[in-house]
Amino acid sequence: MHLSETVHTGFYFLAPWLVLAPVTGLLVNAAFGRRMSETLIGAVASLASGAAFVVSILLAYSVSVNHGLAVSVPFLEWIHIGSLELDWTFRVDSLSTTMMVAVTGVGTLIHIYAIGYMHEDVRFKHQEGRFARFFVFMNLFIAAMMILVSGDSYLMLFVGWEGVGLCSFLLIGFWFEMDTLARPSWANSDAAKKAFITNRVGDFGFLIAGFLMFWYLGSFQFDEVFAAAPAIAEAAPWVIVAITLFMLVGVAGKSAQIPLYIWLPDAMAGPTPVSALIHAATMVTAGVYLVARSAPLYTLVPEAQYIVAMVGAGTALFAATIAVGQYDIKKVLAYSTISQLGFMVAAVGMGAYVAGMFHLVTHAFFKALLFLSAGSVILGLERGHHHLAHHGHDKKPLKGKKKKEEHGGHDDHGEVFDPGDMRNMGGIRKTMPVTFWLYMIGTLALAGIFPFAGFWSKDEILLDASLHYPSVYWQLTIAAFFTAFYMGRQIWMVFFGKARTDAAKHAEESPKIMTVPLMVLAGLSVVGGALNLPFEGFHNLSHWLEYTLGEVHALPLDLQVAGISTALALLAIFISWLIYGRNPLKAGQTDPLKKPLGFLFTGMENKWFVDEGYGVLIITPFKKISQFLADVIDWRFWHDFVHDTVIAGTYNWISNIALDRYADQRGIDAFANWLGTTTQWISNHVRKVQNGFVRSYALSVLLGVVLILGYLILK
Amino acid sequence: MTSDLIVFLVLSLVAISAALGMLFSRNAVYSALFLVLNFVTVAVFYLLLGAPFIAMTQVTVYAGAIMVLFLFVIMLLGAENLPPSDALPWQKPLAVLLSAILAVEAIYLLFMNARTNMAIAAPEASVNTMENLREMAMTLFNQFLLPFEVTSILLLVAMVGAIVLTKQEKGGRS
Amino acid sequence: MVPVDYYIALSAILFVIGSLGVLSRRNPLIIFMSIELMLNAANLAFVAFARMYDSFSGQIFVFFVIAVAAAEVAVGLALIVEIFKTRKNINVDEMNSLKG
């Protein structure tokens with residue numbers, strides 16, 4: 001491993017350990033997981049992730065002391081074909097180290113949390129053997145994500161991109177043989193397949209972008225692409241537009257933007273730490289990172305930037321409205337994630353890369369916090385539910401739901417208790433106080449209340465939008481209003497009022513191993529804004545990313561923008577109190593919003609029927625076409641007609657009639673027979689020479705003598 | 001025309017006549033006697049060619065022993081005169097034709113292609129017959145000793161074979 | 001002085017007469033005698049050449065030929081006697097059991 005000659009200080013040489021550390025962890029757990037205790041498995045996985053975190057910190061430090069010097073650390077030779085020379089090279093600059101630190105930091109905390117969470121989850125589902133498998137997948141994800149963010153070329157980034165997609169698939173389908181309520185079903189694996197296939201659509205766009213890039217720009221390597229881009233943009237601007245827009249398709253797939261966001265809500269089928277790590281904090285932000293990384297390309301084509309910004313803003317607003325109508329605690333957060341990703345995409349689309357990255361980091365903190373706290377709530381309810389099942393008191397079914405008598409949740413005859421449904425909660429503030437306060441911090445950060453992290457990052461996006469794209473600004477502002485509203489709704493429904501089920505009444509607080517990482521995340525959610533305060537001298541992240549992204553105009557705080565968004569957030573929380581807080585939801589009561597909003601709420605509740613629309617518009621015709629292709633084209637035409645009738649028939653005809661009857665029987669056979677009969681005929685005649693008379697033999701000898709002598713004379 | 005040549009021509013006329021006599025005699029006994037005459041004539045040729053030992057051998061072995069054996073067998077079997085048969089009607093003319101061609105070819109080769117122009121005189125009367133015999137014996141027992149010994153084995157085998165073939169087995173196979 | 005060619009010519013004539021005998025006569029004894037005549041013709045050529053080249057080898061060869069002829073006659077006549085004993089006939093034209 002050799003370094004660039006100019007760099008003598010720093011820890012750049014450690015870069016490969018970003019990937020090697022989690023790979024080591026996963027290999028250990030994959031090989032020996034069966035024989036190791038859960039604590040040891042979790043420790044190995046967390047240490048592997050933590051080692052990657054330490055390496056990330058050291059790399060960031062190295063970049064810092066070298067004044068933002070971007071260094072490529074060659075690791076392995078990969079593809080050398082013709083003029084294409086692609087190596088596995090680690091790119092260490094301020095942008096990639098930002099992602100590394102955020103991903104590994106949040107990832108390590110989630111690993112630690114998952115030790116406690118999975119300990120109980122595998123027991124509730126009676127699959128203790130899968131504990132090690134979970135951490136193998138988690139480490140694999142960290143490794144893939146590190147490849148993604150540290151790649152020095154689009155192709156290496158794509159390797160990581162596909163790697164995290166695989167891990168996402170594996171982890172969504174972790175409980176592949178059951179649904180989210182642990183009933184035997186293929187619902188979870190269907191969700192995993194949905195995520196994977198939807199991502200394939202996006203990856204297709206990414207691939208097209210890659211092909212165009214290689215064809216017109218001649219390289220995949222970041223610096224080479226960016227160096228070649230301006231000339232191409234001058235000569236053929238449509239090339240860059242096409243590349244950036246196809247890349248946007250990839251971004252829409254991975255970062256769950258319109259129209260490919262539909263997989264993310266279903267991805268909540270995975271265990272909650274997975275939802276927090278992959279489907280909220282890190283993997284889904286890969287698209288944002290991709291746009292930020294490709295900033296030199298997007299800057300060349302404002303049209304594409306505008307489209308990216310509009311897609312992001314539209315997604316932010318659209319998903320926020322759906323989140324209002326959801327009942328599942330994780331589904332609300334899922335749509336919230338989509339909405340927040342829309343904020344980030346809109347930001348990077350507008351060219352506000354720092355704002356986008358800033359929101360990416362803070363969002364990683366508070367959305368991980370929210371998801372993990374939601375997991376804590378769900379487990380708390382599950383504990384309460386099992387507590388009841390074991391102690392057997394108060395068996396009176398509430399809310400028409402038949403309570404399970406046996407633990408494990410396999411009750412096919414009646415409805416199953418859903419610990420994730422907010423209508424089954426209420427009043428958990430008292431039974432799970434720690435989780436409540438953590439959740440509150442997360443909520444305030446997400447809603448953008450001063451001085452939490454979300455306030456600063458969201459405000460920076462809104463400020464940029466107000467300066468450049470008014471329509472984007474208004475969409476985002478309304479989305480921010482909805483954000484605060486649905487979070488308020490969630491808080492009131494989950495933590496306040498009275499318990500609507502016995503399980504909620506007997507919910508138990510989570511152990512320290514889960515709450516301590518949450519506290520760390522909560523702390524980060526509170527102070528995370530300090531990364532980039534909009535005051536002179538505090539634009540830390542802006543200056544940091546300037547090393548990679550070039551000149552960044554750090555904006556001062558705009559009181560008008562900040563005021564409007566804060567006021568709207570407070571107003572939204574107040575409205576949610578009016579609806580859900582003042583009169584807490586009763587067991588079995590329909591949502592109080594349903595009446596005044598009518599069909600609008602039905603739309604929100606049903607995700608605006610987008611899935612159904614895709615079903616009618618795409619999936620059903622697709623299935624029909626596939627069926628047509630399979631039955632008619634392939635089977636009837638291709639197989640029955642072309643293969644059986646035309647090819648096999650012709651072949652049979654040729655072999656039977658032409659070859660067998662004529663060529664073989666009358667040609668080859670006839671020749672062989674002719675050879676035999678002719679030989680027989682000749683020998684029949686020649687045999688008479690052997691007449692047994694010595695004198696005629698002697699005559700033959702004399703004939704030979706005469707002939708030979710004659711030959712000698714005449715020679 | 002020298003006396004040598006006259007002797008040669010007369011003797012060769014006798015030899016050819018004897019051979020033709022053997023060929024055309026109906027009676028096998030006459031054929032044998034003609035052949036004896038032929039052999040004796042050839043023995044005289046040997047003498048003319050300076051090979052007295054071969055000439056003597058010719059007379060004793062061929063004209064003596066072998067031809068006596070022939071006569072003995074002819075008389076034993078009563079095969080001196082066989083009836084004509086028509087098994088191979090085309091054999092005789094064909095044989096005559098081919099033999100004629102062969103003779104023409106041989107003579108042609110001799111006098112057209114392989115003319116040697118070398119003449120042989122009859123041996124001088126002073127040539128010591130014993131000297132010739134001695135030299136021949138030296139050659140035979142030095143240079144050709146092995147063939148000589150092999151010939152003795154051949155004669156032994158022939159003798160045993162003749163006995164085995166003609167022996168009348170009693171009570172055995174017949 | 002007699003040219004060697006004459007001896008050779010005589011030898012050839014005797015040889016042809018012998019071969020004619022082998023081919024045209026049906027009595028195996030006469031066939032045998034014809035063979036002896038052919039051998040004799042060859043012997044004559046040998047001796048003539050031996051005289052021409054003043055070498056004993058030709059004479060030695062004739063000596064061997066006479067020995068072999070003696071052996072051949074002994075066996076051949078024994079065979080003829082045996083054939084006569086089994087078939088009561090020695091006509092070669094009736095001996096064609098090796099017909100193909």
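All values below were derived from every heavy atom in this structure, side-chain atoms included, with hydrogens, water molecules and symmetry-related copies excluded. We name chains A, B, ... by the order of the sequence lines, and we start the count at 1 in each one. Because the structure is a prediction, the values reported are computed rather than measured.
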Engaged part of B/Ser25 at the chain C interface, taking heavy atoms whose separation is under 4.5 Å: backbone
Per-residue contact mode, B/Ala32 against chain C (heavy atom under 4.5 angstrom): both
Toward chain C, the part of B/Phe8 with a non-hydrogen atom under 4.5 Å: side chain
Side chain / backbone / both / neither for C/Ala12 at chain B, heavy atoms under 4.5 Å: side chain
Most chain C-contacting option - heavy-atom pairs closer than 4.5 Å, from B/Ala100, B/Ser152, B/Ala95: B/Ala95
B/Met67 portion near chain C, given a 4.5 angstrom heavy-atom threshold: side chain
Nearest non-hydrogen partners of C/Asn27 and B/Ala28, listed with the distance: ND2-CB, 4.0 Å
Nearest non-hydrogen partners of B/Glu135 and C/Phe56, listed with the distance: OE1-CE1, 3.0 Å
Per-residue contact mode, B/Phe144 against chain C (heavy atom under 4.5 angstrom): both
Contact class of B/Ala103 relative to chain C, heavy atoms under 4.5 angstrom: both
Close side-chain approach of B/Phe53 to C/Gln59, heavy-atom, < 4.5 Å: no
pair C/Phe32-B/Val73: side-chain heavy atoms closer than 4.5 Å: no
Under 4.5 Å from any heavy atom of chain C - which part of B/Val61: side chain
Top contributor to chain C contacts, counting heavy-atom pairs under 4.5 Å, from B/Phe39, B/Phe24, B/Phe70, B/Phe45: B/Phe70
When B/Ala158, B/Gly161, B/Ser99 are compared by non-hydrogen pairs under 4.5 Å with chain C, the top option: B/Ser99
Heavy-atom side-chain contact between C/Phe64 and B/Leu140 under 4.5 Å: yes
From CG (C/Asn43) to OH (B/Tyr62), nearest 0.5 Å: 5.5 Å
B/Ile107, part contacting chain C, at a heavy-atom distance under 4.5 Å: side chain
Segment of B/Ile16 engaging chain C (4.5 angstrom heavy-atom cut-off): both
Validation row: C/Tyr6, B/Leu5 side chains within 4.5 angstrom (heavy atoms): yes
Option in B/Lys92, B/Gln143, B/Met159, B/Met136 with maximal non-hydrogen atom pairs under 4.5 Å from chain C: B/Met136
CG on B/Leu77 to CD1 on C/Ile83, rounded to 0.5 Å: 10.5 Å
Under 4.5 Å from any heavy atom of chain B - which part of C/Leu79: both
Flag side-chain contact, heavy atom, 4.5 Å: C/Tyr7 against B/Leu48: yes
Pairs of heavy atoms under 4.5 Å with chain B: top-ranked of C/Asn40, C/Leu37, C/Leu14, C/Ile17: C/Asn40
Separation between OG of C/Ser24 and CG of B/Leu94, rounded to the nearest 0.5 Å: 12.0 Å
Worked verdict on B/Leu165 versus C/Val81 for side chain to side chain contact (heavy atoms under 4.5 Å, CB included): CA-CA 8 Å; B/Leu165 277 170; C/Val81 169; over 6 Å; no
Chain B contact via C/Ile13 - which portion, at a heavy-atom distance below 4.5 Å: side chain
Interface moiety of C/Phe63 toward chain B, non-hydrogen atoms closer than 4.5 Å: both
Toward chain C, the part of B/Ser31 with a non-hydrogen atom under 4.5 Å: both
Spatial distance of atom CG (C/Leu10) from atom CG (B/Leu11) [nearest 0.5 Å]: 9.5 Å
Proximity breakdown for C/Leu44 and chain B, heavy-atom pairs closer than 4.5 Å: both
Max heavy-atom pair count under 4.5 Å with chain B, selected residue of C/Ala9, C/Gly76, C/Gly21: C/Ala9
Spacing of C/Ile66 atom CD1 and B/Thr151 atom OG1 [to the nearest 0.5 Å]: 12.0 Å
Top of B/Ala51, B/Ala65, B/Ala15, B/Ala106 for chain C proximity - count of heavy-atom pairs under 4.5 angstrom: B/Ala51
Side chain to side chain contact (heavy atoms under 4.5 Å, CB included) between C/Met33 and B/Phe34, intermediate numbers included: CA-CA 10 Å; C/Met33 285 189 260; B/Phe34 274 122; over 6 Å; no
Interchain contact, B/Phe148 with chain C, by part (heavy-atom threshold 4.5 Å): both
Contact class of C/Val68 relative to chain B, heavy atoms under 4.5 angstrom: both
From B/Arg26 atom CZ to C/Ile30 atom CD1, the distance as rounded to the nearest 0.5 Å: 10.0 Å
